[in-house]
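So you know, we letter chains A, B, ... as the sequences are listed, proteins then strands, and number each from 1. Values below: all heavy atoms of this structure, side chains included; hydrogens, waters and symmetry mates excluded.
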Amino acid sequence: MSDLEIDKIAKEWGLLILLSLLFSMKSYAYGVSAKLDFDFYNGYVQIEPMIPEVQKNGVMAGRQSCFGLCFGGIKSEPESRMTSEKNSYFFLSGNPDDLTFFVFNFTCRGPKLLVVSYAFHQFQVLKGQFIVEGTYASGPEVVSNVLNSLLPSLVERTPQKYLSTRTSHIHYFCSPEFRQQYQEFSIYDLARGFGPHFLVKYKKGVIHLAWDTSVWRDRQDQRISQTLEETRIKMAQYGLILPPVEDPFQRKPDPRFLHFFDDVSESQPQSGSLFPEEWGL
Amino acid sequence: MTRSLRVSILFLICGFIFTSDASPIRKGEWSGSGGDGYAFVFTNLGYRLHRELLMEPYKPHQRQVRDDMSLAHFLGAVDNTKVIVTSEDIADKHGHEQTAIYYSPDELRALYKKKGKSRSEIETIIKDFPGGLIVVQGERFQNELRENMAAAFATVFHEYRRVLGLEEDNYRSSASRYDLEFFEDLQHKFSSVTQEVVRQARQEDQIAVSKMEKIDREKQRIEKELKEDYAELAQVRKSRRPFVDAARKSYSKLMNAYADVLDTMGIVAMPFPSAYSDTVSALGEAGSAGMDMEQKLSELEVINLQSQFLEGNIRRNMDFYEKIDLLRQKLFLDSLK
């Protein structure tokens, strides 16, 4: 066997291994797709969200260049569920060093929530990890647990009238109130972690995220700074004078952040539905 | 820094302040008070050793101590092992004199049983020091401190490695792995804070010092250590940032490379023939980006551990400083009554 043939076989095996890894991901047929651009250093991420459509025969119709979950195990839903009313939502959480993108789909029958299917992509930048997960859950107990663990801040905001029993809050996700409030893509949690220095815009089907890197410090850096400052203040009470804490690394904001609104919002709504019109979301 | 460590250091130092009472090492005093000044110095060297090993900068192409053993376990060994000083000669199993000997909890059980202690008494004693007991021959250890600090470091290092089960009952393994140069290098890095501790132990061994004086000296020691840790943490923060940025760049490159791999494949199960070479090339890029990411994270991990340790040390010292300051106030008020 020639070197060329060996090389060819090795490459094919490499591809096969990669593909088996991708296919072994525990996932469901909802995902975030391509047209990706990650720049966690300059604080700019582009991502094109997509929910591939699962046909009745179980074949997923999606775009090319699908990233991550779209390659996962594809499961078709029972036809009865396919005809039920569906609500899909997109959320972000975390902070610029630990971003999570969620795609949720709630299958409702009237005011009742029957099935939750979801996928999330988590980018743990400073741990070097990329977590992709997705599945579906049915049954009030299971659905309740899933929502409590993945969307705690939304569950906390459930109006009182949906809290009559331990699991009744799940039906809030099929209510007109919820739909009205979250039908467009929403950012929850993130604002609490990063506030006005984080911007999200939607343009031509692509989500653009940008954050001010002159302001953002990772969690550990924030904690070190806090420890130093507390020590300085506390020990000054005992007469021990320590030099003030200075930020050792001043940086200018990335121009893309400064011109974020100019670049992205022209002739576009500030936010809008992420999903095709025919989905009625 | 764990709570148990804080508590044990608190008791250790309180013991040092209030029970050492400037007494010389008594002949035949095997059980020891644990509060003896030199027992404190031994433990303090253990903590300093851990600190020096942890703060050693990451060297990508060199095997370092942290690659051989867990520094967190080493710290746990210092935390959980009681040290006492004796004037009796200590010999290893071959009859050779040595500076210190380590007894594991099981060996201690057997030893105390021989001395006629009941099972419940033995368990009560051992519960206080789950890591076992290090018995130090006072005179030899004092000589090492006086004449060759590198040898004292080697003794401390060897004994705590034995607690971790990493050494045989001789110095050969640590001597071959970490030669004298290693310990001499440590000696040069040896901070003024630890030198002060050693100096105080020598002084207090010879003259009686009042409780108030001991508290004041301890406060001064902590102030020096806080200054040192504060400056070092500020420095670590400064040097950490480029590592964080490098990790962010590397992660972005890796994610973009993964995206490119999938981009060349399309959505079907196997790649299109036309995309074959592009896919292989993208796979190569992803592999290279992955290795780069791993390297950056190793660097960052070391510096993160250093900052976590310094933060813990600062908080523990501030906490203890407040406590002994309160104690000083109380002693002062009592003296006026």
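Between Y41(A) and Y251(B), every side-chain heavy-atom pair lies at or beyond the 4.5 Å cut-off. Between V245(A) and Y230(B) the shortest side-chain heavy-atom distance falls below 4.5 Å. Side-chain contact check for Y321(B) versus K234(A): every heavy-atom pair is 4.5 Å or farther apart.
L240(A) CG to K224(B) NZ: the interatomic distance, rounded to the nearest 0.5 Å, is 12.0 Å. Once rounded to the nearest 0.5 Å, the distance linking CG of L228(A) with CG of L233(B) reads 4.5 Å. Taken from CG in D39(A) to NZ in K249(B), the straight-line distance is 9.5 Å, to the nearest 0.5 Å. Between the OH atom of Y238(A) and the NZ atom of K219(B) there is a distance of 8.0 Å, given to the nearest 0.5 Å. Distance check, rounded to the nearest 0.5 Å: CG of L242(A) to NZ of K227(B) gives 7.5 Å.
For E301(B), the CD atom sits in a loose shell: 12 or fewer heavy atoms of surrounding residues, nucleotides or ligands are nearer than 6.0 Å.
Ion pair R248(B)/D97(A) flagged as a salt bridge, since at least one NZ, NE, NH1 or NH2 atom sits closer than 4.0 Å to an Asp/Glu carboxylate oxygen. Looking at D218(A) and R240(B), a side-chain N of the basic residue comes within less than 4.0 Å of a carboxylate O on the acidic one, giving a salt bridge. Classification of D221(A) and R241(B) as a salt-bridged pair fails, no side-chain N sitting under 4.0 Å from a carboxylate O.
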Check against side chain to side chain contact (heavy atoms under 4.5 Å, CB included), Q237(A) and E322(B): CA-CA 11 Å; Q237(A) 295 166 11; E322(B) 278 185 307; 5.8 Å; no
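With a threshold of 4.5 angstrom between heavy atoms, I224(A) approaches chain B through its backbone and through its side chain. Within the 4.5 angstrom heavy-atom criterion, no atom of D229(B) approaches chain A. Only the backbone of E246(A) has a heavy atom closer than 4.5 Å to any heavy atom of chain B.
Between the side chain of T227(A) and the backbone N or O of E311(B), no donor-acceptor pair lies under 3.5 Å.
Closest heavy-atom contact between L297(B) and G128(A): CD1-CA, 3.5 Å.
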